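Order of the sequence lines fixes the chain letters, A, B, ..., with proteins taken first and strands second; residue numbering starts at 1 for each chain. Remember, predicted model here, so these are calculated numbers, not experimental data.
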Amino acid sequence: MKKPARHLITSALPYANGPLHIGHLAGVYIPSDIYTRYLKIKGEDVISICGSDEHGVPITLKARKEGITPQEVVDHYHELNKKSFEDFGIEFDIYSRTSNKIHHETASDFFSTLYKKGEFIEKTTEQYYDNEAQCFLADRYISGTCPHCSSDSAYGDQCESCGTSLNATDLISPRSMVSGTMPVMKETKHWFLPLDKYEPWLKQWILEDHKEWKTNVYGQCKSWLDQGLQPRAVSRDLDWGVPVPVEGAEGKVLYVWFDAPIGYISATRELTDEWELYWKDPDTRMIHFIGKDNIVFHCIVFPAMLKAEGSYILPDNVPANEFLNLENDKISTSRNWAVWLHEYLQDFPGDQDVLRYALCASAPETKDNDFTWKEFRNRNNNELVAILGNFVNRALILTNKYFDSQVPARAETNEYDREVLEIMALQKDKVAAALDNFRFREALKEAMNLARLGNKYLADTEPWIVIKTDEERVRTILNIALQITASLTIVLDPFLPFSVRKLREWLNIETLPWDMAGRDDLLSAGHKTDRPGMLFRKIEEEETDRQVKKLMETKEKNEAPVKESAPVKENISYDDFASLDIRTATITAAVRVPKTKKLMQLTLDTGIDTRTVVAGIAEHFDPEAIQGKQVSLIVNLQPRKIKGI
RNA sequence: GGCGAGAUAGCUCAGAUGGUUAGAGCGCAGGAUUCAUAAUCCUGAGGUCCCGGGUUCAAUUCCCGGUCUCGCUACCA
């Protein structure tokens with residue numbers, strides 16, 4: 001493979017409607033940061049791009065709910081997240097945002113270019129329109145009764161109660177969540193990117209030319225390509241986003257997934273006048289770091305957009321990670337089940353590298369992984385403190401004790417010394433080989449093995465005993481131990497930037513380039529080192545227990561029945577009310593409905609008869625636990641069949 | 001429902017074009033050691049490789065069927 005002239009690293013743009021958590025870090029930003037730092041220390045030409053994704057419906061919903069403008073929402077989270085990245089040493093060359101002017105221009109121009117080339121098809125479809133608020137309603141803005149489970153709190157895109165994905169037109173008695181009124185169907189025009197047109201080319205490019213992509217990425221792409229691609233809408237009716245730059249397109253903006261990846265381009269433009277070198281020169285190697293939920297957009301939709309435009313390069317690889325769970329449960333922003341980065345730093349000030357280490361060591365590279373506080377503590381105490389911190393401390397303290405902190409000269413080496421030096425020299429290539437293949441867990445392990453080697457070397461050579469009889473021999477031993485320490489500052493640099501900085505200060509050296517790692521002459525005899533402090537502190541059980549307790553409290557809070565009250569339905573007449581026959585009934589039997597997640601079949605004794613009712617409660621109640629309980633029931637509701645019952 | 005990925009030691013994960021004793025780190029047990037933040041080093045115990053069938057001389061690996069977890073499912077972002 002030809003060596004690329006430069007690298008362009010992109011990291012998925014975090015959506016600016018919430019703070020960042022450990023899942024973001026482990027899945028995307030730690031790998032991308034390690035990779036970027038690695039390329040930089042190797043002396044490659046590389047830029048790392050990221051920014052806030054600030055458009056789309058959820059942000060407008062959040063703004064409406066909080067009674068502020070969408071701009072205020074994104075301003076808040078942009079600043080918060082930008083700071084979190086800085087605090088954790090995630091070094092982007094630029095952290096931009098999609099609500100700024102340069103992005104609007106870039107995205108608008110991109111659309112115009114495709115529009116002028118005739119790359120879009122226009123389609124007029126019928127969509128729900130809110131007459132009172134005078135706007136089209138995205139599916140998310142519509143609620144109604146689910147046609148499958150009869151839950152009355154289904155959204156236009158999905159029923160939260162039974163999990164079915166829906167079209168807004170499927171809903172029974174739809175209501176606008178903006179005004180509460182009943183929406184009407186109205187025609188609206190949208191632009192579509194005909195992905196089907198690029199299908200043959202995508203098949204060749206991915207399925208034939210990129211067999212080396214990770215199996216999850218390749219498999220997902222293959223599944224889409226095998227099913228056949230369809231034209232995909234690139235615009236929507238909304239007043240928040242990049243306006244569609246076409247006459248007569250008032251009230252329409254670019255669909256956020258058209259808009260967001262262009263954010264990578266606008267951020268690069270904002271960073272450098274040479275942006276076209278990074279985006280259009282075939283000698284540039286582009287890598288997208290993303291989570292698994294983003295695969296199709298980065299592997300199919302965005303490449304199709306770039307291809308349609310014509311002058312851009314395509315990604316060389318898209319190393320998508322799986323998801324990180326937390327204490328055996330899915331991370332969820334809405335359920336507050338997460339470790340938030342800004343909160344972590346309040347509770348563990350100065351311990352950024354510990355989290356970086358723990359998340360990299362158990363990154364969800366091939367399958368979903370679980371983060372536990374216990375593992376976090378163990379990783380810190382047994383690996384960072386005991387192996388790395390301890391070795392560095394031993395080497396420097398011994399030097400301080402025996403040779404007044406000066407690097408001793410190496411005399412004659414014996415066979416064992418040479419063996420150790422040889423392993424040390426090979427270690428950087430092992431780390432590099434893993435990093436080149438985006439295997440970050442393995443790379444970190446190999447880097448740590450260098451510290452393990454150091455501990456073993458000291459244990460085997462026992463300088464604290466030899467010093468009594470043979471000082472010359474100890475000089476050689478400590479020289480070698482210190483050379484290992486110096487190499488550690490190189491191979492660990494991408495992973496633990498904060499700690500490596502400290503270590504360099506104690507060794508009194510500058511940042512060394514990658515290729516020097518493993519050399520036996522990084523520190524010359526007589527070089528003065530500093531007395532070391534603590535590289536890592538021990539984390540006590542109380543500290544992590546407190547974190548677990550915090551999560552348990554969240555869980556309790558979530559389980560408490562403080563359900564948000566649904567919007568009040570339209571008033572009904574007294575006659576309607578009077579016609580409801582509500583009675584108290586006793587549950588005599590309850591069984592789960594097979595092949596459903598949420599449905600439970602109940603047998604009820606109403607006092608007047610015994611009847612069978614299906615309720616969407618199986619996620620929250622145990623069949624055994626609710627037997628004998630009393631419920632109220634409208635006994636004259638029209639009977640319906642659900643799942644054949 | 002359809003599709004994709006995963007399931008291997010107590011935990012977190014590697015791995016094998018099908019072939020003798022399936023690996024690592026952590027945890028656990030025993031020993032050595034004291035320079036070091038009781039940190040290190042050595043040794044050891046631990047596995048129905050998710051379940052059921054098939055192909056084969058041989059299956060944890062390939063094929064078929066199933067179970068569970070996660071993701072995608074085309075206007076969710």
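Side chain of A:His190, nearest nucleotide from B:rC75, B:rA74, B:rC35: B:rC75. Proximity note for A:Thr125 (side chain, C-beta onward) versus B:rC72, B:rA36, B:rC75: the nearest is B:rC75.
One atom, CD1 of A:Ile300, and another, C1' of B:rC3, lie 12 Å apart when rounded to the nearest Å. Between the C1' atom of B:rG27 and the CD1 atom of A:Ile387 lies a distance of 13 Å, rounded to the nearest Å. Atom NZ in A:Lys367 sits roughly 10 Å away from atom P in B:rG6 (whole-Å rounding). Distance CG (A:Asn455) to P (B:rU37): 13 Å, rounded to an integer number of Å. If you measure from atom CD of A:Glu383 to atom C1' of B:rU12, you get 10 Å, rounded to the nearest angstrom. The separation between A:Leu225 atom CG and B:rA74 atom C1' is 13 Å, rounded to whole Å. Rounded to an integer number of Å, the gap from CD1 of A:Ile480 to P of B:rC35 is 21 Å.
A gap of 12 Å separates the C1' atoms of B:rU56 and B:rG19, to the nearest Å. On the P atoms, B:rC75 is 33 Å away from B:rA7, given to the nearest whole Å. For B:rG46 and B:rA29, the C1' atoms lie 11 Å apart once the distance is rounded to whole Å. Between the P atoms of B:rU60 and B:rC51, the separation comes to 9 Å (whole Å). On the P atoms, B:rU61 is 27 Å away from B:rG25, given to the nearest whole Å. Nucleotides B:rC26 and B:rG65 are separated by 37 Å at their C1' atoms, to the nearest Å. B:rC63 and B:rU69 are spaced 24 Å apart, taking the C1' atom of each and rounding to whole Å. A distance of about 39 Å separates the P atoms of B:rU67 and B:rG27, rounded to the whole Å.
Scanning RNA chain B for stems, defined as runs of 3 or more consecutive Watson-Crick or G-U wobble pairs whose donor-acceptor distances all fall under 3.5 Å, gives the following ranges: B:1-7 with B:67-73, B:10-13 with B:23-26, B:28-32 with B:40-44, B:50-54 with B:62-66.
Glycosidic torsion of B:rG53 falls outside 90° of 0, placing the base in anti.
Heavy-atom contacts from other residues, nucleotides or ligands closer than 6.0 Å to NZ of A:Lys222 number 12 or fewer.
One N or O on the side chain of A:Asp353 and one on the backbone of A:Phe498 form a donor-acceptor pair closer than 3.5 Å.
Checking the phosphate oxygens (OP1, OP2) of B:rA36, a side-chain nitrogen or oxygen of A:Lys401 falls inside 4.0 Å.
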**Request:** Verify salt bridge (Lys or Arg N to Asp or Glu O under 4.0 Å) between A:Arg452 and A:Glu446, making sure each step is shown before the conclusion.
**Result:** CA-CA 10 Å; A:Arg452 288 179 212 276; A:Glu446 291 297 349; over 6 Å; no
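Taking the charged nitrogens against the carboxylate oxygens, A:Arg335 and A:Asp329 do have a contact shorter than 4.0 Å, which makes a salt bridge.
Note on A:Arg452: only backbone sugar-phosphate atoms sit closer than 4.0 angstrom, heavy atoms only; bases stay farther off. Looking at heavy-atom distances under 4.0 Å, A:Phe297 makes contact with a base. Residue contacts for A:Gly533: at a heavy-atom cut-off of 4.0 Å it reaches no nucleic acid atom on any strand shown. Nucleic acid contact class of A:Phe536 (heavy atoms, under 4.0 Å, all strands): base.
Less than 6.0 angstrom separates the ring centroid of A:Phe111 from the ring centroid of A:Phe120. Under the 6.0 Å cut-off for aromatic ring centres, A:Tyr218 and A:Trp213 do not qualify, their centroids lying 6.0 Å or more apart.
For the pair A:Lys214 and A:Phe438, the cation-pi criterion (under 6.0 Å, within 45° of the ring axis) is not fulfilled.
Pairs engaging residues 386-397 of chain A under the side chain to side chain donor-acceptor pair (under 3.5 Å) rule: A:Arg394-A:Asn455 [sequence neighbours left out].
In this structure, A:Asn81 and A:His24 have side chains that are not in contact, with every pair of non-hydrogen atoms separated by 4.5 Å or more.
A donor-acceptor contact under 3.5 Å links the side chain of A:Gln127 to the base of B:rC75.
Closest-nucleotide positions on RNA chain B for A:Tyr402 and A:Val296 were compared, and the one nearer the 5' end corresponds to A:Tyr402. Comparing A:Glu375 and A:Lys445 by the nucleotide of RNA chain B that holds the closest heavy atom to each, the one mapping nearer the 5' end is A:Glu375.
Taken residue by residue, residues 317-333 of chain A places heavy atoms nearer than 4.0 Å to RNA chain B at A:Phe323, A:Lys330.
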